[in-house]
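Written below as structure tokens is the structure these notes are about.
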There are 2 protein chains.
Amino acid sequence: MPKIVDHDKQRQRVAEAAIRVIRKSGFEQASVRNIAQEAGLSAGSMRHYFSTQAELFAFCMNIFRERIEKRIERMTFRGPILQELKHLILQFLPLDEERTMEMEVWLSFNAKALIHPELRVLSNEMHNALYRASKFVIETLVERRLGSPGLEPEIETEKLYALIDGLAIHQIMQPGRLDVERIEFMIDDHLNMLCRSL
Amino acid sequence: MPKIVDHDKQRQRVAEAAIRVIRKSGFEQASVRNIAQEAGLSAGSMRHYFSTQAELFAFCMNIFRERIEKRIERMTFRGPILQELKHLILQFLPLDEERTMEMEVWLSFNAKALIHPELRVLSNEMHNALYRASKFVIETLVERRLGSPGLEPEIETEKLYALIDGLAIHQIMQPGRLDVERIEFMIDDHLNMLCRSL
């Protein structure tokens with residue numbers, strides 16, 4: 001069924017064009033007309049691929065979520081566990097070009113979701129993915145008896161979840177203020193702190 | 001000089017109208033026309049108060065910064081120090097209507113600053129205010145010999161700075177997920193952790 005394949009490919013092409021427009025000029029400029037032009041398609045053809053702008057933006061955010069999930073799926077967790085957990089956390093931080101681009105658009109998307117409630121579900125799904133990763137880190141420390149005996153899993157999950165998102169937003173808004181080594185050191189320090197006797 | 005007073009008052013009026021428009025409909029709708037309408041002024045008169053949109057947005061963000069500074073200036077630091085430091089941190093979290101409104105608009109402003117480099121300076125100034133507050137918290141713990149001997153001030157300042165911004169963004173994006181007591185408990189827990197022997 002070549003037609004369906006084409007259709008999926010075109011949706012991907014439109015979404016990638018939308019991401020480029022949003023990153024370059026913000027959601028304000030992400031009109032059907034501008035996205036069509038960026039994708040090299042006619043404005044009229046756009047409705048074949050996405051019936052609403054919200055549907056298109058949802059598709060874009062899903063691309064990011066799938067990329068993060070794929071990066072995590074590739075992890076084997078066979079190495080030293082604290083290193084592996086750090087590596088998991090780093091997937092949510094904008095430390096290379098791909099993740100920086102994702103998170104810049106993601107920040108704009110969050111601002112947009114504040115105004116458009118229909119986008120909130122998707123924003124929450126992405127936040128929940130980070131929350132689950134934070135929970136996994138803390139639970140792994142507890143299960144492997146590495147976490148300090150006084151560690152409160154729920155509180156530490158919330159703190160890690162906030163710490164990662166805060167680091168991500170600082171890295172996006174003030175790029176270069178902290179270098180990658182510094183950020184890795186902070187994550188190491190935090191994981192080590194969780195393992196020390198409190 | 002009643003004319004100057006009027007001018008300042010009108011600038012404030014325009015800025016407050018802009019904040020309401022941004023909060024309700026996002027920056028996309030924050031056109032001169034819409035802001036003038038919200039302020040009850042003619043679109044033509046707007047240029048008397050702000051020569052560019054960037055100048056208007058800068059004025060709006062300064063209103064927020066001044067509010068935070070005023071809230072902090074009112075603090076006496078005469079009570080139990082950990083309580084006072086927690087109270088200082090809470091000024092940066094959206095735990096009441098005023099701070100929620102400020103931080104929703106602030107999040108949108110950050111997204112806009114990603115696209116418009118001329119707004120970056122202001123975004124950085126606000127981030128620096130939170131960084132300085134985080135530094136003050138950690139330095140106070142060290143000066144009063146409450147911080148654990150192994151505490152690394154720079155790393156802990158960065159972590160606290162990220163933790164507060166992460167909590168703020170989660171509270172904005174997922175309101176009600178954590179209640180005020182829970183957030184206060186997390187801050188208490190974090191401050192206590194910094195004071196324990198590592």
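Throughout, a chain's letter reflects where its sequence line sits, starting with A, and its residues are numbered from 1. A quick note: this is a predicted structure, and the numbers were derived from the prediction, not measured.
- Residues B:Leu95 and B:Leu160 fall within the same hydrophobic cluster, defined by Ile, Leu, Val, Met, Phe, Trp and Tyr side chains chained together at heavy-atom separations under 4.5 Å.
- In this structure, the portions of A:Ser108 lying under 4.5 Å from any heavy atom of chain B include both its backbone and its side chain.
- The candidate with the highest count of non-hydrogen atom pairs below 4.5 Å against chain B, out of A:Asp165, A:Ile115, A:Ile22, is A:Ile115.
- Among B:Met186, B:Gln174, B:His190, the residue with the largest count of heavy-atom pairs under 4.5 Å with chain A is B:Gln174.
- One hydrophobic cluster, built from ILVMFWY side chains closer than 4.5 Å, cannot hold both B:Leu163 and B:Ile169; they sit in different ones.
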Enumerate, atom names and distances included, each donor-acceptor pair closer than 3.5 Å involving a side-chain atom of residues 74-81 of chain A, sequence neighbours excluded.
none

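- The residue among B:Asn110, B:Asn192, B:Leu167 with the most heavy atom pairs within less than 4.5 Å of chain A is B:Asn110.
- The only option from A:Leu85, A:Leu82, A:Ile138 that meets the side-chain contact (heavy atoms from CB on, under 4.5 Å) definition with A:Leu194 turns out to be A:Ile138.
- The environment of B:Arg182 atom CZ is dense: over 12 non-hydrogen atoms of other residues, nucleotides or ligands sit within 6.0 angstrom.
- Between chain A and the options B:Tyr161, B:Phe109, B:Tyr131, B:Phe185, heavy-atom pairs under 4.5 Å are most frequent for B:Tyr161.
- Both the backbone and the side chain of B:Glu154 come within contact range of chain A, with heavy atoms under 4.5 Å apart.
- B:Leu107 and B:Ile19 fall into different hydrophobic clusters, where Ile, Leu, Val, Met, Phe, Trp and Tyr residues are linked whenever their side-chain heavy atoms come under 4.5 Å apart, directly or through other members.
- Interface remark: of the candidates B:Val105, B:Leu178, B:Ile164, B:Leu178 forms the most heavy-atom pairs closer than 4.5 Å to chain A.
- Contact tally against chain A (heavy-atom pairs below 4.5 Å) for B:Gln29, B:Glu28, B:His170: the top residue is B:His170.
- Ring-centre distance between A:Phe59 and A:Phe50: below the 6.0 Å cut-off.
- Proximity to chain A (any heavy atom under 4.5 Å) is restricted, for B:Arg23, to the backbone atoms N, CA, C and O.
- At a 4.5 Å heavy-atom cutoff, the contact between A:Lys24 and chain B is made by backbone atoms alone.
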